[in-house]
Structure formats: C-alpha cells, structure tokens
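Data first, discussion second: the structure below is written as structure tokens.
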Protein chains: 2
Amino acid sequence: MKKAAQTCERIIRAAERLFAEQGFEATSLREITQVAGVNLASVNYHFGSKKGLIQAVMERYQSVFMPALQQQLQALPATNLTTEQVLACLVPPLNALTQVRQDGPEIYLRLLGFAYSEIQGHLRRYTMNRFGEVIHQLFACFEAANSHLSADTLFWRLHFALGTTLFAQVSAQALSEIARADFQEADPEHHIIERLLPYLAAGISAAEPPRMK
Amino acid sequence: MKKAAQTCERIIRAAERLFAEQGFEATSLREITQVAGVNLASVNYHFGSKKGLIQAVMERYQSVFMPALQQQLQALPATNLTTEQVLACLVPPLNALTQVRQDGPEIYLRLLGFAYSEIQGHLRRYTMNRFGEVIHQLFACFEAANSHLSADTLFWRLHFALGTTLFAQVSAQALSEIARADFQEADPEHHIIERLLPYLAAGISAAEPPRMK
DNA sequence: GAAAGAATTAAACGCGTGTTTAAAACGAAC
DNA sequence: GTTCGTTTTAAACACGCGTTTAATTCTTTC
C-alpha cells in the first residue's frame, strides 16, 4: 500500500497540469498516464473514471481554498464594506494554494475557467453541494458593499466579474506573449490578478445606469 | 448550379446554430448534416474540411460586422472621446447582423466566445489578416478616450473587457435561467449587452492604481 | 515460505470522429 | 437525346477516445 499512493499522486499531478494547460476534454487519459509514467488502466482502477479523476483534482484545491476564504470573510468589518475589500479576501486563499503546488493559484483559476466553459455540470453540482455556504457568504458580502445597486444588477455584475477573471486566466498565456512583444513587459502571469482587481472593483460598483427603453 | 448553392446554405445555417449552441469541437459533422438534411460528405465536398466550414460561417458575420464598425468609428468626434462612446460604436454593427440571421448578434458573440476559448488559432490568424486594420482603429479610439491610462494597462483592460463580453454571452443562457428564478426577471439575452456596457466602461476607465510592490 | 489480497500490465473492445472513395444521380449544353 | 461536368450518395477507412478484461506481478500477512 505504498506503491498505490505513489501512483495516485503521479496521476493527479500530471493531470492537473495538463488539464490546466489544455482543458479537460482536450486532455486524454493516454496523455496523462504517459506523462505520469503509469499504465493507462490505472486511472480507471484508482479513480473509477475520467470524471472521477477530474473531481479528485478539483477537490485538492477546493478543500484548501474554500476554508481559507471562509476565514477571510469572517474577519471582514461588519460595516462600511467596500468592493475592493471583499475582492481582496480572495487573494490570500488563492495564494494559499501554493501549498498544494508551486503554481497552484494559476492552475486552480485555469481549471475553474475550463470547468465553466466546457460543460462540466457535475463539477458545478459537486462544488455547490460541498461549498455552497461559503459561496453564499461571499455573495452576501458583495451585497453589503454595494447597497446602491439593485439585487439583479449586482447578480449580473458578479457573474461578469467571475467571467472576466476566468477568461483572463485562460487566455493569460497568449496575452502575456502579446503584451511582452508590444510593451517589453516582463510581466509573468502571476501579477495579472493585480491588474484585474481595480478593473473588477470599478465594474462591479459602477453607478446603476438609468433604465432606458 | 442551383441545388449546390441551396445545399451550402442549408449546411451553413445548421452549422452556425449548432456551433453557437455547443461550440465548434462539440458539434460533429454528422449532427450538422443531419439537421441540415444533407449528406455527410457534402461538407467536405463544398468546404474542404470542418475548418473550412468554420471559417465560412465566421466570414458571413465578419464581413458585415467589420465594415459597419469601421463606419461607426469614422463618425466619431475627433476630440473629447469617452469610453462609453467608443463602446457604443459596437452596438449598431452588432445589430446589423440581423440581416445575416434573425438572432445574428447573439450567434456571432457566442461564436466569437467559442473561437477564443477553444484553441482556434486559424480563426485568430484569419481575422487579423482580413480585418486587422479595423481592429487597430478601434484600439486607437480607446486610447484616445483613456489618455490617463498607460498603454499596457489599457491593453490588459481591453482584453479583460473582451473576455467579459464573450464569457457573458456564452454563459448567458445558464445565467438567464438562474436570474429568472431568483428575480422573476423576464430578461431575454437580448438585453445583456445593455447590462454589460456600464460595467465595461467603468472597468476600462478605472483610475490607474498606484504600482504596489 | 506459502497463501491471499492489492496493484500493475498489455491487449482488446466498442464507439464516435473527420475524411475519402467510387459509384450513382442530376443538370446544362450541344 | 446524348454527353460531360457537377453534385449527391452510401459505404468504408483510419484514428483516437474512455473503458474493460484477464493475466501477471508485487505486498502483505499469517
């Protein structure tokens, strides 16, 4: 029972890297097992199916990220919340993912992005069942920080913000190359989150436009 | 030479609908030809390959959208540009896509979204070769409207904004359902663009944050 | 050290994909 | 009405996928 755990970890580490690079559907089990240096059938033996492997990969990150987020949210002041403060709560939990893997934060955001853009319904269900409470807390904090907005407007903008983040991370690689060429910017993907936060905060909290039409 | 054109159009109309619903990779030629009521092999006969069909589908929209955008940009005032004004330039060209198809605007945005999130490198190259000039004009207008921002900050924010738009459109269907359940909102996807513009404008033009670190 | 259980292996299965083929049907021009 | 190029058709091809199988090897336990 030592060789087994070793095999599981080799599979997971190869899978999360390849999933984050190419997406879930575009990554085959043959590719994963080849990179991991294990037999093709061992994925199904240890994780049951490809879906099982995907969930195992996500679980490693969520189980670190979500509790850390909960802790951050509870440390927030009860009054005079700002959107920037709430957004800032997401950063330490993200950074905590380095304990899962050196480049854990980027990996996790990219995995999330693919989970959304590909139709991974089972992931959404699993996440909501397992961590729904934290997510609702987060929403409540945004509401407290944006009492000037109607509930439906805030709803849409939070999803816009989520979309912005995920899309940015997924296309970060390509964009970084362009940016580097155009602006001699040596910016590693690492700091995209810093570029993102002001944009998100301004977008979320923008004044409610007059209802036209 | 009449039956042929008919077949091509049946294929294209079925393809653009299915591509917009499911993405390019997730839509098989067998599904397309079945919906179109034509033979499987006719796609390869008329368009050479699946890639060829994808490009033909996009071309129909780009060839309407891009010239219309160029026209809008040239009608812009030379001084005192605002981000809202530039963003507003995108709306009429989008609406012009109804001449391609009734639900053309939504279809086009969703196709764009999938073209970005799936790795359709050939589409990116083709678009830049064919319409690079208009796109650079658009960037220049945003620069004129945001002289308070550094070039690299604006570059990132414009891509964030593009990402927000595409992601929103791709996930609009799912979000609309949730929104409808939570807020009794009878909002068809049609008006997402109106919800989007204030968010985008505020995000793009947000004050440059002090360079930390 | 032998027996029992867990883990690994190579091979094959069934399925769906994009593409190609070669024959059949069609349409226009003489 | 026949001919010739175009278009349509059904069938097969080659490939990659996730999964399963059955045999083998390794580990542990008595």
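Quick caveat: nothing in here was measured; it's all calculated off a predicted structure. In what follows, every heavy atom counts, from backbone to side chain, and hydrogens, waters and symmetry copies are set aside.
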Determine the contact category for Thr33(A): base if any of its heavy atoms lies under 4.0 Å from a base atom, sugar-phosphate if only primed atoms, P, OP1 or OP2 are that close, otherwise nothing.
nothing

Answer yes or no: does a side-chain N or O of His46(A) lie under 4.0 Å from OP1 or OP2 of dA6(C)?
no

Thr153(B) side-chain N/O to Ser150(B) backbone N/O, donor-acceptor pair under 3.5 Å
no

Rounded to whole Å, please give me the gap between NZ in Lys50(B) and P in dC15(D).
19 Å

Using the C1' atoms of five pairs at each end, what's the angle between the two axes of the helix from dG1(C)-dC30(D) to dC30(C)-dG1(D), to 10 degrees?
10°

Does the distance from a Lys or Arg side-chain N to an Asp or Glu carboxylate O, for Asp152(B) and Arg195(A), drop under 4.0 Å?
yes

Do the charged groups of Arg110(A) and Glu21(A) touch, with an N to O distance under 4.0 Å?
no

Within the pair Ser28(B) and dG16(C), is there a side-chain N or O less than 4.0 Å away from OP1 or OP2?
no

From the list dA12(C), dG18(C), dT8(D), which nucleotide is the closest neighbour of the side chain of Arg30(A)?
dA12(C)

Is the Phe24(A) ring parallel, tilted or perpendicular to the Phe114(A) ring (thresholds 30°, 60°)?
perpendicular

Could you check, using the six-membered ring where one of them is a Trp, whether Phe155(A) and His159(A) have ring centers closer than 6.0 angstrom?
yes

Whole-Å distance between dT19(C) C1' and Leu29(B) CG?
9 Å

Side chain to side chain donor-acceptor pair (under 3.5 Å), that's the test. Do Thr164(A) and Tyr199(B) meet it? Break it down for me.
CA-CA 11 Å; Thr164(A) 310; Tyr199(B) 172 95; 3.2 Å; yes

Can Thr33(B) and Asn39(B) be said to form a side chain to side chain donor-acceptor pair (under 3.5 Å), step by step?
CA-CA 6 Å; Thr33(B) 52; Asn39(B) 186 274; over 6 Å; no

With a 4.0 Å heavy-atom cut-off, tell me which residues in residues 38-45 of chain B come close to DNA chain C, sorted by residue number.
Leu40(B), Ala41(B), Asn44(B)

Could you tell me whether the side chain of Ser49(B) and the main chain of Gly52(B) form a donor-acceptor pair under 3.5 Å?
yes

Rounded to whole Å, the CD-C1' distance (Gln22(B) to dT17(C)) equals 15 Å

Quick one: Gln6(A) CD to dT27(D) C1', roughly how many Å, whole number?
14 Å

Rounded to the nearest angstrom, tell me the gap between atom CZ in Phe47(B) and atom C1' in dT7(D).
14 Å

Counting just side-chain N and O atoms, does Thr7(B) come under 4.0 Å of either OP1 or OP2 of dT8(D)?
yes

Within this structure, what is the CD-to-P distance between Glu9(B) and dT7(D), rounded to whole angstrom?
16 Å

Drop me the distance from Leu149(A)'s CG to Ile204(A)'s CD1, to the nearest 0.5 angstrom.
9.5 Å

Over how many whole Å does the gap from Gln34(B) atom CD to dT17(C) atom P extend?
10 Å

Whole-Å distance separating the CD atom of Glu25(B) from the P atom of dG16(D)
15 Å

